[in-house]
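Presented below is the structure to which this report refers.
Quick note: numbers below take in every heavy atom, side chains included, and nothing from hydrogens, waters or symmetry partners.
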Protein chains: 2
Amino acid sequence: MSVDLDAKTRGKREETKASNRQAIIDAARRVFAELGYGATTVRDIIRATDLASGTFYNYFKSKEEVFQALQDETALRVRPRLRAERIRARNFEEFISGSFRTFFDFVKNDRTTFATMRSNHPEMSRVRIDTPEVIAGFDELRADLEVAIENGVVPDTDPNLLMASIVGVAFEVAHEMLTRDLAVEDTAKFATALFLGGVQALPKRKA
Amino acid sequence: MSVDLDAKTRGKREETKASNRQAIIDAARRVFAELGYGATTVRDIIRATDLASGTFYNYFKSKEEVFQALQDETALRVRPRLRAERIRARNFEEFISGSFRTFFDFVKNDRTTFATMRSNHPEMSRVRIDTPEVIAGFDELRADLEVAIENGVVPDTDPNLLMASIVGVAFEVAHEMLTRDLAVEDTAKFATALFLGGVQALPKRKA
DNA sequence: GACCGAAAGTGACGCCCCGTCAACTTTCAT
DNA sequence: ATGAAAGTTGACGGGGCGTCACTTTCGGTC
């Protein structure tokens, strides 16, 4: 149905264009997961599809760019959940705890994505890439933090530093959670307590 | 003098061995800084010395391995400073604030190293690699945290989660500090306040 | 339905990097 | 002085890179 609809709506041209792009992204996801980001080549990716090597470059400039597309796909799945959680929150505690719980839950249920997101060489290095979609997600978070500050729920502190702290803790603690197979709930409680206690003590923002 | 001494002590053999190794590491530092980690090749590094390509492989297996050596050199410079600061600390507040101040100070005065440490593709991705020396530094920190917990200065919480949080905040906030050219003192105050306030609220460790 | 121009796919090509290895040079102990 | 061990060298086969001339596919026009 939807294929027919797509075909009629977009024509065969656009149709295969979209499906080729997705085929490359899907192949990349598989290959990255298997070989690790550093070890995989554009050739590995294209070999995992039924396209020719030249075709790859009609869609992406490099493996970095496919990787970014993958990141964006991931961010696109997580962002709405985080946003929903923040909207539901009735105070700063729910804001923080809901965000951490949602993020850790995603990480736990999607280890592979998170691992690919973080690791170049398995077990050895960790990477985090900021793509437009990821940046947009961070901006959204910062905007909400600023609202919390305006409402006096959070002291008038530097929202960017606060955001950086939250992000740093989220990623690093998530890694620890996976390494030691901790429960999402406990991990979220830890991170939440740290920030709820800590935020009250933060220094006032400078002029 | 020291060259002669070295020559006599170790013989010409060991002498040039050490100097070749260092030449490669130094070249790597320059090339990484100029091209970024991802873009540099083993050939780029070896071309920046007066050695032949084959010689590289007598010293390192890959560019990853040189990179690790660089990381270790960095860790070797920072660790003693952090350790000294921790030993000087007379309570948990000094422990935390001294560590953050020292680390941020290092980052500020050594932007290039930190940038190379963190970035593959300038402005886009960030990487942190755990080499033996880095891991040893973390272990040291965790051991001191455990002592603080035993002494009752810090609640009986999970030291690994606490360490992950500190590390996450340290790196992420340092990045923010560089990006916006914040003062070391202010940045350290922020991070310190967050943890001093937060630590008291942390959940008790599970059995 | 035949025709044509544009869009997309193809894979061979030239370039460079990879890690190895046989030949060569240097060191050092005798 | 000499020979064996340690270390250096760069050429080599294998492969990935990004490009480009050529082919195929699509869709609008008559």
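Between the NZ atom of A/K12 and the C1' atom of D/dC26 there is a distance of 9 Å, rounded to whole Å. Look at CG on B/D44: it is 13 Å from P on C/dG19, rounded to the nearest Å. Note: CZ (B/F56) to C1' (D/dG10) measures 16 Å, nearest angstrom. When rounded to the nearest whole Å, the span between CG of A/D50 and C1' of C/dG11 equals 15 Å. What separates NZ of A/K17 from P of D/dG27 is a distance of 12 Å, to the nearest Å. Protein atom CZ of A/R21 is 16 Å distant from nucleotide atom C1' of C/dA8, rounded to whole Å. Atom CD1 in B/I46 sits about 17 Å away from atom C1' in C/dC16, given to the nearest Å. Look at OH on B/Y57: it is 11 Å from P on C/dC17, rounded to the nearest Å.
Not a single donor-acceptor contact under 3.5 angstrom links the side-chain atoms of B/R43 to the base of C/dC17.
A/K61 has no side-chain polar atom (N or O) that falls below the 4.0 Å cut-off from OP1 or OP2 of D/dG18. A sub-4.0 Å separation between OP1 or OP2 of D/dG7 and a side-chain N or O of B/Y59 is absent. Within the 4.0 Å cut-off from OP1 or OP2 of C/dA8, not a single side-chain nitrogen or oxygen of A/N20 is found. For C/dA8, neither phosphate oxygen OP1 nor OP2 lies less than 4.0 angstrom from any side-chain nitrogen or oxygen of A/N58.
Ion pairing between B/E140 and B/R86 holds under the 4.0 Å rule for side-chain N and carboxylate O. Taking the charged nitrogens against the carboxylate oxygens, A/E73 and A/R29 do have a contact shorter than 4.0 Å, which makes a salt bridge. For B/E94 and B/R88, the salt-bridge test fails: no basic side-chain N is under 4.0 Å from an acidic carboxylate O. A salt bridge does not link B/K108 with B/D105: none of the charged nitrogens is closer than 4.0 Å to a carboxylate oxygen.
A/S53 comes within 4.0 angstrom of a nucleotide base, judged by non-hydrogen atoms across all strands. Using a 4.0 Å heavy-atom distance criterion, A/T41 is classed as a sugar-phosphate-only contact.
Closest-nucleotide positions on DNA chain C for B/G54 and B/E14 were compared, and the one nearer the 5' end corresponds to B/G54. Mapping A/K63 and B/A52 onto DNA chain D by nearest heavy atom places B/A52 at the nucleotide closer to the 5' end.
The nucleotide whose nearest atom lies closest to any side-chain atom of A/R47 is, among C/dT20, D/dG16, C/dT10, D/dG16. With C/dT27, C/dC18, C/dA8 as the candidates, the nucleotide lying closest to the side chain of A/R13 is C/dA8.
In this structure, CG in B/L162 is found 11.0 Å from CD in A/E176, a value given to the nearest 0.5 Å.
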